[in-house]
Amino acid sequence: MPFAHTAEAVRAWVHGWSASRGAAEPVPSAWGFTVDVGLHGHVMRHVLHSADEATVHEITQNATAPGVWLKAFVPPEALEPWLAPGWHLAGGSGYLMSASLPITPTRAPGPLPEGYQMNTWTRDGVTRALVRTADGAFAARGQVAVTDHSAVVDQVETDPAHQRRGLGRLVMHRLTEAAAEQGAAAGVLGATPEGRSLYETTGWRVLAPLTSALRGPDAADT
């Protein structure tokens with residue numbers, strides 16, 4: 001395991017995610033971190049490295065403005081009853097995953113399929129990989145942020161019209177390769193069920209469930 005415990009992986013994920021998205025520096029607390037994101041619908045987020053009913057209820061009871069997110073490393077069925085009124089689960093089931101870097105893939109990625117081109121660049125500590133078709137249309141992308149000796153892979157996606165061609169695997173390979181070149185020894189990411197399938201084939205393993213909740217407007221707020 002590249003991290004001594006899940007809380008260490010959570011800390012790496014929060015700091016790397018914030019760097020990747022250009023969010024504010026995470027503010028630590030006894031239960032986790034608060035991050036100002038500054039987007040409509042995602043104003044800020046609370047990330048709990050240790051979630052329990054009392055803590056979740058207190059946070060969600062005090063956060064009454066819409067656009068506040070909460071991330072906890074418990075299953076959805078555990079988190080939902082702890083939420084205060086006005087909050088709901090969002091984004092479906094997820095997973096916190098990690099890997100030691102550099103990754104030695106069980107199956108080496110093949111060459112970029114004919115008709116595609118990949119471009120990578122690094123700016124402000126974030127490396128991005130973009131795959132386009134020969135005529136320049138979007139096919140796949142992803143990015144990685146390195147903080148200290150860990151790296152957070154973020155926003156990996158493949159256009160549905162270009163799936164099942166190994167593009168996601170190639171993007172992951174390039175991003176983790178770039179992170180290792182920058183000195184990262186451990187990687188961490190948040191995955192959807194669909195993403196988990198891809199990441200497990202490239203050497204990543206699940207550390208914990210990851211569940212999201214969102215404060216939305218009540219009927220009285222609209």
Side-chain angles (χ1 to χ4, degrees), residues 2-3 8-28 33-45 47 67 69 71 91 94 96-103 105 109 111-113 115-163 165-192 195 198-199 202-204 210 212:
F3 297 98
E8 184 182 22
V10 171
R11 181 187 183 281
W13 181 60
V14 171
H15 282 80
W17 184 94
S18 299
S20 174
R21 302 294 180 97
E25 186 72 17
V27 177
F33 300 89
T34 296
V35 181
D36 283 334
V37 181
L39 297 175
H40 179 72
H42 195 160
V43 180
M44 64 186 299
R45 60 165 50 187
V47 183
W69 286 75
K71 304 279 183 173
L96 185 71
M97 303 185 71
S98 69
S100 297
L101 303 180
I103 295 175
L112 195 65
Y116 293 95
Q117 54 187 341
M118 180 187 293
N119 185 29
T120 61
W121 66 96
T122 300
R123 188 169 185 179
D124 297 330
V126 180
T127 298
R128 292 174 170 83
L130 172 64
V131 180
R132 295 176 293 174
T133 61
D135 61 0
F138 171 82
R141 72 174 302 276
Q143 59 196 60
V144 63
V146 175
T147 57
D148 297 327
H149 297 292
S150 62
V152 171
V153 177
D154 189 27
Q155 293 193 315
V156 177
E157 63 173 311
T158 301
D159 185 274
H162 302 280
Q163 292 178 353
R165 302 180 189 183
L167 301 181
R169 179 187 294 272
L170 286 164
V171 166
M172 287 293 295
H173 177 73
R174 182 66 195 103
L175 293 177
T176 55
E177 184 180 60
E181 290 169 354
Q182 295 173 53
V188 62
L189 57 79
T192 63
L198 165 65
Y199 304 138
T202 58
W204 295 73
L210 171 56
S212 302

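This is a predicted model, so every value here is computed, not measured. Reckoned from all heavy atoms, side chains included, excluding hydrogens, waters and symmetry mates.
Nearest approach of Phe3 to Gly187, heavy atoms of both residues: CE1-O, 3.7 Å. Across every non-hydrogen atom of Leu101 and Ala180, the tightest pair is CB-CB, 4.5 Å. Considering every non-hydrogen atom in both Val35 and Ser18, the closest pair reads CG1-OG, 3.5 Å. Shown here for Gly203 and Ile103, the closest heavy-atom pair between the two residues is CA-CG2, 4.4 Å. In terms of heavy-atom proximity, Gly125 sits nearest to Gln182 at O-OE1, 4.4 Å. In plain terms, the two heavy atoms of Gly190 and Trp13 that are nearest each other are N-NE1, 3.5 Å.
The side-chain hydrogen bond (donor to acceptor under 3.5 Å, both in side chains) test with Ser20 is passed by exactly one of Asp154, Asp124, Thr127: Asp154.
Residues Trp17 and Lys71 have side chains not in contact (no heavy-atom distance under 4.5 Å, counting atoms from C-beta outward). In this structure, the side chains of Tyr116 and Leu170 stay at 4.5 Å or more apart for every pair of heavy atoms. For the pair Met172 and Leu189, the minimum side-chain heavy-atom distance is below 4.5 Å. The side-chain heavy atoms of Val37 and Arg21, taken from C-beta on, include no pair separated by under 4.5 Å.
From Arg174, atom CZ reaches atom CG of Leu130 across 13.5 Å, with rounding to the nearest 0.5 Å. Rounding to the nearest 0.5 Å places NE2 of His162 at 11.5 Å from CD of Glu157. Here the OG1 atom belonging to Thr122 is positioned 9.5 Å from the CZ atom belonging to Arg128, to the nearest 0.5 angstrom. Taking CH2 of Trp204 as the start and CG of Leu198 as the end, the distance is 10.5 Å to the nearest 0.5 Å.
Within the 3.5 Å criterion, the main-chain N or O of Gln155 finds a donor-acceptor partner in the side chain of Arg141. Between the side chain of Trp69 and the backbone N or O of Val47 there is no donor-acceptor pair closer than 3.5 Å.
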Next on the checklist: Between Thr202 and His173, does the side chain to side chain contact (heavy atoms under 4.5 Å, CB included) criterion hold? Intermediate values first, please.
Outcome noted: CA-CA 8 Å; Thr202 58; His173 177 73; over 6 Å; no

Next on the checklist: The test is side chain to side chain contact (heavy atoms under 4.5 Å, CB included); show your working for Thr120 and Glu177 and say whether it passes.
Outcome noted: CA-CA 12 Å; Thr120 61; Glu177 184 180 60; over 6 Å; no

Item to check | CA sep, side-chain torsions, deciding dist, call: Leu167, Met118, side chain to side chain contact (heavy atoms under 4.5 Å, CB included) | outcome: CA-CA 10 Å; Leu167 301 181; Met118 180 187 293; over 6 Å; no

Next on the checklist: Does Val188 form a side chain to side chain contact (heavy atoms under 4.5 Å, CB included) with Leu96? I'd like the steps, not just the answer.
Outcome noted: CA-CA 7 Å; Val188 62; Leu96 185 71; 3.7 Å; yes

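A salt bridge does not link Glu8 to Arg11: none of the charged nitrogens lies less than 4.0 Å from a carboxylate oxygen.
Side chain to side chain, Asp148 and Ser150 fail the donor-acceptor criterion of an N or O pair below 3.5 Å.
Classified by interplanar angle (parallel below 30°, tilted 30° to 60°, perpendicular above 60°), the ring pair His15/Phe33 is perpendicular.
Few gaps surround CG on Asn119; more than 12 heavy atoms of other groups in view lie less than 6.0 Å from it.
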